[in-house]
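In this text, all values refer to a predicted model and were calculated from it rather than measured experimentally. In listed order, ligands and their atoms are each counted from 1.
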Amino acid sequence: MSDDRNSRHKKAMQKLKSHVDQRIADAQEERGLLLVFTGNGKGKTTAAWGTVARALGYGYGVAVVQFIKGEWECGERLKLTEDHNLQLATMATGFTWETQNRDSDRAACEATWEKAEAMLADPSRYLVVLDELTYMLKFGYLDIERVKRALAHRPAEQSVIITGRNAHRELLEMADTVTEMAETRHAFNQGLKARRGIDY
Ligand code: ATP
Ligand code: MG
């Protein structure tokens, strides 16, 4: 690299550093966060489990509530349930298009949401993941006001991650961090099967 390019690079990095340092100094508030991972692209649940591993790594108490996906096997669950700091609740029924019964789905949702409410009130849970919760609101099995109330009254130090497509507008408004996974391409659309250890 020429001296000229080197000095320009150094200048740009110094500017970036002072900008980042200022942003870090400006961030004063410290509390649990509400994060929503939504959109049609792959990675919502994966990102949530990645954060679960991150929190467990520090010995924090974590709860994961799996709406919809109850009967599916998944590798992360097999691995992370070895950790006694992880509590897990899964909805007993499978996908709604498998059960095709609104009443039993609604009852399963209610039972699972009650477990979620207990976790959202438990100060020993540093992180609570509500995986695929968005569909419960979308299908009308769960009332948005009830969800908002439980989120608003959770312990101040507790963070919550909600995943799923088509997140409710009010959840997006309430969230501190919203990530929209964009689908640029998905293997499934080229006829490729979901892959063990990669997709589940
Ligand atoms: P993942 O669990 O892989 O992080 P996700 O949570 O973002 O995916 P979901 O909508 O919950 O996505 O999808 C559940 C399953 O469908 C996963 O096995 C995932 O790999 C697969 N999947 C995710 N996105 C797509 C897509 N755009 N098209 C087809 N299948 C998808
Ligand atoms: Mg998912």
Side-chain angles (χ1 to χ4, degrees), residues 33-57 62-83 86-102 104-106 108-113 115-117 119-120 125 127-142 144 147 150-151 159-172 174-200:
L33 304 170
L34 175 61
L35 305 94
V36 175
F37 300 158
T38 189
N40 292 336
K42 173 177 165 63
K44 302 175 286 295
T45 298
T46 311
W49 278 106
T51 314
V52 167
R54 188 174 273 178
L56 289 174
V62 177
V64 176
V65 187
Q66 294 179 304
F67 292 88
I68 292 198
K69 251 184 209 170
E71 284 163 357
W72 280 32
E73 67 164 329
C74 58
E76 61 272 33
R77 198 168 58 205
L78 297 174
K79 178 68 191 168
L80 294 173
T81 44
E82 291 167 4
D83 193 315
L86 176 66
Q87 284 180 350
L88 198 66
T90 53
M91 200 156 130
T93 60
F95 273 94
T96 41
W97 45 91
E98 281 170 7
T99 57
Q100 294 166 1
N101 185 325
R102 240 186 112 74
S104 70
D105 279 351
R106 189 186 282 275
C109 173
E110 177 62 33
T112 311
W113 173 249
K115 288 180 195 161
E117 273 181 334
M119 289 161 176
L120 291 168
R125 297 302 102 189
L127 171 66
V128 176
V129 173
L130 306 173
D131 189 37
E132 322 294 352
L133 178 82
T134 58
Y135 304 102
M136 301 300 107
L137 296 162
K138 188 99 192 133
F139 298 156
Y141 295 162
L142 193 58
I144 181 71
V147 174
L151 290 172
S159 291
V160 176
I161 299 176
I162 294 173
T163 82
R165 298 173 192 210
N166 304 109
H168 195 290
R169 181 180 50 79
E170 290 188 65
L171 277 185
L172 298 180
M174 206 176 169
D176 301 294
T177 295
V178 177
T179 300
E180 174 116 19
M181 308 282 174
E183 188 197 86
T184 303
R185 183 178 303 139
H186 197 286
F188 179 75
N189 295 325
Q190 291 134 79
L192 285 158
K193 269 189 134 164
R195 192 129 177 100
R196 191 180 195 199
I198 303 294
D199 287 306
Y200 60 91

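Summarising the contacts of atom 18 (O) of ligand 1 with Asp199, Asn189, Thr45, the nearest heavy atom is found in Asp199. Between atom 25 (C) of ligand 1 and the options Glu76, Lys42, His186, the minimum heavy-atom separation is to His186.
Every heavy atom of Ala194 sits 4.0 Å or more from the atoms of ligand 1. Using a 4.0 angstrom heavy-atom cutoff, Arg165 counts as in contact with ligand 1. Remark: distances from the non-hydrogen atoms of Thr163 to ligand 1 are all 4.0 Å or more.
Using a 4.5 Å heavy-atom cutoff, the side chains of Thr38 and Met181 are not in contact. You'll find the side chain of Ile144 reaches within 4.5 Å of the side chain of Leu137, heavy atoms only. In this structure, Arg77 and Thr90 have side chains that are in contact, with non-hydrogen atoms separated by less than 4.5 Å. Side-chain contact between Leu120 and Trp113 is present, with at least one heavy-atom pair separated by less than 4.5 Å. Side-chain contact between Val62 and Asp83: absent, with no pair of heavy atoms (C-beta onward) separated by less than 4.5 Å.
In this structure, a donor-acceptor pair under 3.5 Å is absent between the side chains of Thr134 and Asn166.
Looking at every heavy atom in both residues, Phe37 comes nearest to Ala48 through CE1-N, 3.8 Å.
The closest donor-acceptor contact from the side chain of Tyr135 to the backbone of Arg165 lies under 3.5 Å.
Among the atoms of Thr45, an N, O or S atom is found under 2.8 Å from the Mg ion (ligand 2). For the Mg ion (ligand 2), the N/O/S atoms of Glu132 include one lying under 2.8 Å.
Polar contact with ligand 1: present for Gly43 (N/O pair, distance under 3.5 Å). Considering both main-chain and side-chain atoms, Lys44 comes within under 3.5 Å of ligand 1 through a nitrogen or oxygen pair.
Residue contact check: Glu132 has heavy atoms under 4.0 Å from atoms 11 (O) of ligand 1. Atoms of ligand 1 lying under 4.0 Å from at least one heavy atom of Phe188, given by number and element, are 29 (C). The Gly41 neighbourhood of ligand 1 comprises atoms 7 (O), with distances under 4.0 Å to a heavy atom of that residue.
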